[in-house]
Amino acid sequence: MTDHPLTVTLDPYALARELSGKHLINGALVPAASGKTFDVVNPAKGEVVGQAAFGEAADVEAAVAAAAKAQKEWAKRPARERGKLVAACGQALLAHVEEIARLITLETGKALRTESRVEAGVLSDSFTFYGGLAPELKGETVPFSPTVMTITQREPIGVVGAIIPWNVPLLLMALKIAPALVAGNAVVVKSAEEAPFAVLRVCQILNTILPPGLFNMLSGMGPECGAPLVTHPKVGKVTFTGSVETGRIVYKAAAEKLIPVTLELGGKSPMIVMGDADLDKAVAGAVVGMRFTRQGQSCTAASRIFVHSSIHDEFVSRLKAKVDAMVMGDPLDEKTDIGTIVSPGQFEKVKAYIEQGRKEGGTAHACSAMPTAEALGRGLYVQPVIFTGLTNHSRLAREEIFGPVTCVIRFDDYEDAINQANDTEYGLAATIWTNDLKKAMDATQRLEAGLVQVNQNLVVQPNISYGGVKTSGLGKEASLEAMLEHFTHKKTIMINMA
Ligand code: NAI
Ligand code: MG
C-alpha cells in the first residue's frame, strides 16, 4: 500500500513504456523471473508500443504465494471494512478513467469515445457496487430443531485465479476481482496477451489502496502462464472468460484438483424482430446488440438477427444506413465510432468468415467506409458486414466469429423463429422485439439463454446477473448472487443446546 495517488498519464505511449516488462506481484512492479518479454502491438498502426513480462510457472508461484499470505489477514477484517476499501478502489479509478481508456484503446484498437471510456467508467462502478454489497455476505438460520441451533456462514475460498480475455478486459476483470475481494479472497489475474497494460495499470492503482499481495497481475501466454495458474495447488477457484475451446481445457485442469470454476464462454445470440416491432428501436438495438462499435468482438453480439419477412428488406436497409453513418478510423480520434480488430490472427479469422459466407451464397452488405489516412494503412480495419441470404445452418450462423459480421435471417412464423433461435450450441443472451405482449412473454419463457431481453439490448450491468447456458458457460457474473455463489464456501454450523 503506498500513500501517494499515482500521477495521471494521458499519453498512452508513455504509459505503455512505463509499464513495460512488468508483472505486479506483492505490491511491486517486477520483471518476469526469466527476464523474458513479448511485444505488445497497437493494431491501428501495426506498431510495437511496449513489451509485456512473459509469465511462467515461477512467476505464478511468486504471485500465488504473495496472495495466499495476504489473504489470511484480509479474511480476518470485518466484511464492511473490506467493502469500504474495495469501494475506495472505485473512487480511485474514477480519477484515472481517461488515462486507462486511452491505454486500452492503444493496445486493443477499440474506439476511445464509443468504447474505451465507457468501459473504464463501468470498471470504477463495479468496484463501488461490490464494495457496497459487503454487508450482504450473510448466512442463514436453519429450522432443524429447537434445541440445535443451525446456521450457515459464508467463508472465502482463499486464492482465486482469474483468466481474462482482450475484448473488454477491464470490465470482465472487475466483475471477477471486485466480488472475490469483497468476499475475503485474494486474487491472481492473468491478463490476455493482446491487452496487458491497461489491466496492469488498474492493478497498480488498486495497490495504492489494497494491502500488498492481495491482488496480483501476471502477463503471459495461455499455456505458459494461464495453465500453471489453474493447476497451482493453492489456487482454490478459477474464474475464466474466453473461448469454449480454452474453457474446456481450464475446466478439465480444475476437475483434476476438484475446485470450482466459473466459465464465461462464447455466444451466438439471437435477436428476433417480429413484424409489429418498432423498427427504429429494433434497428438501433441491433447496432448496440451487435456491438458494431467494438468491431463485434463480444460474446453477446447479436450475430443472428431473425427478421419477419414483412419487414426484412426495410430492416436491412435501415440497419445498413445506420452502420454506414458510423465513422471507422483512428481509435484515439474523437470522431471515430469504430476502431480496429485486435490482432492479425483475429483479423484473418474474420476475413475468412466473410469469404465463407460468400461461398455459401450469402450477400455481404459491407458498411461504413475504410479509413483513408495514410498513417492507418497498416491498421487492422474490417468493414462491418451484414449478411443476407444465409440460413441458420450456415457456418456463419453456427460459429462465433467475434468480428463485425452479422447474419440477418428471414422468417415467416413465430414458432419457427423461436426454434431457429434455440437451434445453437450456445445460450448466452437473446432478445425479442415486438409489441405483442403474449408473444413477448412466451418468448422470455422459451428462449434458451442466460439473459433474455424484450425491446432492449442493454450491455452488461453490474447488478444484473449474467452468464450462459449450454456451451456458453457455467455460473453467473455481476450481481450479488455471483459473489455469494461463486466466491464463497457455505459452512454449516450446528450447536446442540440440549
Ligand atoms: P482464449 O480463450 O484462448 O483466451 C482467453 C484467455 O485464456 C487469455 O488470457 C489466454 O491467454 C488464456 N488461455 C489460453 N490458453 C490457456 C490455457 N491452456 N490455460 C489457461 N489459460 C489459457 O481466446 P483467444 O485466443 O483470445 O480468442 C479466440 C476466440 O475465442 C475468439 O475468436 C472468440 O471467438 C473467443 N473469445 C471469446 C471471448 C468471450 O468474451 N467469451 C473473449 C475472447 C475470445
Ligand atoms: Mg487462444
Side-chain angles (χ1 to χ4, degrees), residues 38 40 43 52-57 60 107-108 110 119 161-173 175-176 188-196 199-200 217-232 235 238-257 261-269 291 294-301 303 341-353 380 382 395-396 398-405 425-429 450-451 459-460 466-468 470-475 477:
F38 59 96
V40 179
F54 188 100
E56 291 175 292
V60 170
E107 59 189 356
T108 65
K110 294 200 296 183
E119 185 183 0
I163 297 175
I164 55 172
W166 44 263
N167 57 332
V168 247
L170 304 172
L171 169 63
L172 297 174
M173 174 176 77
L175 293 180
K176 296 179 187 316
V188 177
V189 175
K190 194 208 76 71
S191 56
E193 37 276 57
E194 296 81 357
V199 288
L200 182 57
M217 165 81 51
L218 303 171
S219 50
M221 308 294 156
E224 290 87 350
C225 188
L229 179 60
V230 177
T231 54
H232 194 290
V235 169
V238 172
T239 168
F240 170 86
T241 300
S243 63
V244 175
E245 186 190 4
T246 305
R248 285 202 172 99
I249 295 172
V250 167
Y251 199 15
K252 281 179 192 157
E256 276 300 320
K257 286 166 59 183
V261 291
T262 303
L263 301 173
E264 205 270 89
L265 309 176
K268 203 70 212 175
S269 299
R291 308 283 191 272
R294 201 188 297 153
Q295 298 75 255
Q297 299 170 140
S298 164
C299 45
T300 336
S303 50
I341 301 291
V342 72
S343 66
Q346 289 295 128
F347 183 78
E348 293 307 327
K349 179 180 165 185
V350 173
K351 290 277 197 191
Y353 271 114
L380 302 176
V382 173
R395 272 188 58 202
L396 277 73
R398 305 206 80 78
E399 299 171 16
E400 188 174 53
I401 301 172
F402 232 65
V405 182
E425 65 168 303
Y426 294 109
L428 193 52
L451 174 64
V459 299
V460 174
Y466 181 75
K470 295 154 87 175
T471 59
S472 288
L474 282 178
E477 298 202 295

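Just so it is clear, the model here is predicted, and its values are computed rather than measured. Counting convention: from 1, in listed order, for ligands and their atoms alike. Nothing fancy with the numbering, it's 1 onward along the sequence.
Contact annotation for Ile164 and ligand 1: only backbone heavy atoms (N, CA, C, O) come within less than 4.0 Å of the ligand. Of the heavy atoms in Ala253, none comes closer than 4.0 Å to ligand 1.
Residues passing the salt bridge (charged side-chain N to carboxylate O under 4.0 Å, His left out) test with Glu119, sequence neighbours excluded: Lys110. Among residues two or more places apart in sequence or in another chain, the salt bridge (charged side-chain N to carboxylate O under 4.0 Å, His left out) test is passed with Arg248 by none.
Ligand 1 places these atoms under 4.0 Å from at least one heavy atom of Glu193: 8 (C), 9 (O), 10 (C), 11 (O). The Phe240 neighbourhood of ligand 1 comprises atoms 2 (O), 6 (C), 7 (O), with distances under 4.0 Å to a heavy atom of that residue. Here is the list of ligand 1 atoms found below 4.0 Å of a heavy atom in Leu265: 41 (N). Close contacts of ligand 1 with Gln346, meaning ligand atoms under 4.0 Å from a residue heavy atom, involve 27 (O), 28 (C), 31 (C), 32 (O).
Side-chain atoms of Ser472 do not come within 3.5 Å of backbone N or O of Tyr426 as any donor-acceptor pair. With hydrogens and angles ignored, the 3.5 Å screen pairs no side-chain donor or acceptor of Lys349 with any backbone N or O of Gly403. Checking side-chain atoms of Lys176 against main-chain N and O of Gly161 turns up no donor-acceptor pair under 3.5 Å. Within the 3.5 Å criterion, the main-chain N or O of Gly475 finds no donor-acceptor partner in the side chain of Thr262. Checking side-chain atoms of Glu400 against main-chain N and O of Gly267 turns up a donor-acceptor pair under 3.5 Å.
With respect to atom 19 (N) of ligand 1, the closest heavy atom belonging to the protein is Ala227 N, 3.5 Å. At the shortest separation from atom 3 (O) of ligand 1 among protein heavy atoms lies Thr246 OG1, 2.9 Å.
Less than 4.0 angstrom separates atom 40 (O) of ligand 1 from at least one non-hydrogen atom of the protein. Put simply, atom 30 (O) of ligand 1 has protein non-hydrogen atoms near it, under 4.0 Å away.
Side-chain atoms of Leu396 and Ser303, non-hydrogen and from C-beta on, never get closer than 4.5 Å to each other.
In this structure, CG on Leu474 lies 11.0 Å from OG1 on Thr239, to the nearest 0.5 angstrom.
Considering only non-hydrogen atoms, atom 13 (N) of ligand 1 lies nearest to Gly222 out of Gly222, Cys225, Ala301. Of the listed options Ser472, Gly247, Pro165, Ser343, Pro165 places a heavy atom closest to atom 43 (C) of ligand 1.
Remark: ligand 1 and Ile249 share no N or O pair separated by less than 3.5 Å (distance only, no angle test). Of the polar atoms of Lys190, at least one N or O is found under 3.5 Å from an N or O of ligand 1, judged by distance alone. For Lys349, a nitrogen or oxygen atom sits less than 3.5 Å from a nitrogen or oxygen atom of ligand 1, counting backbone and side chain alike.
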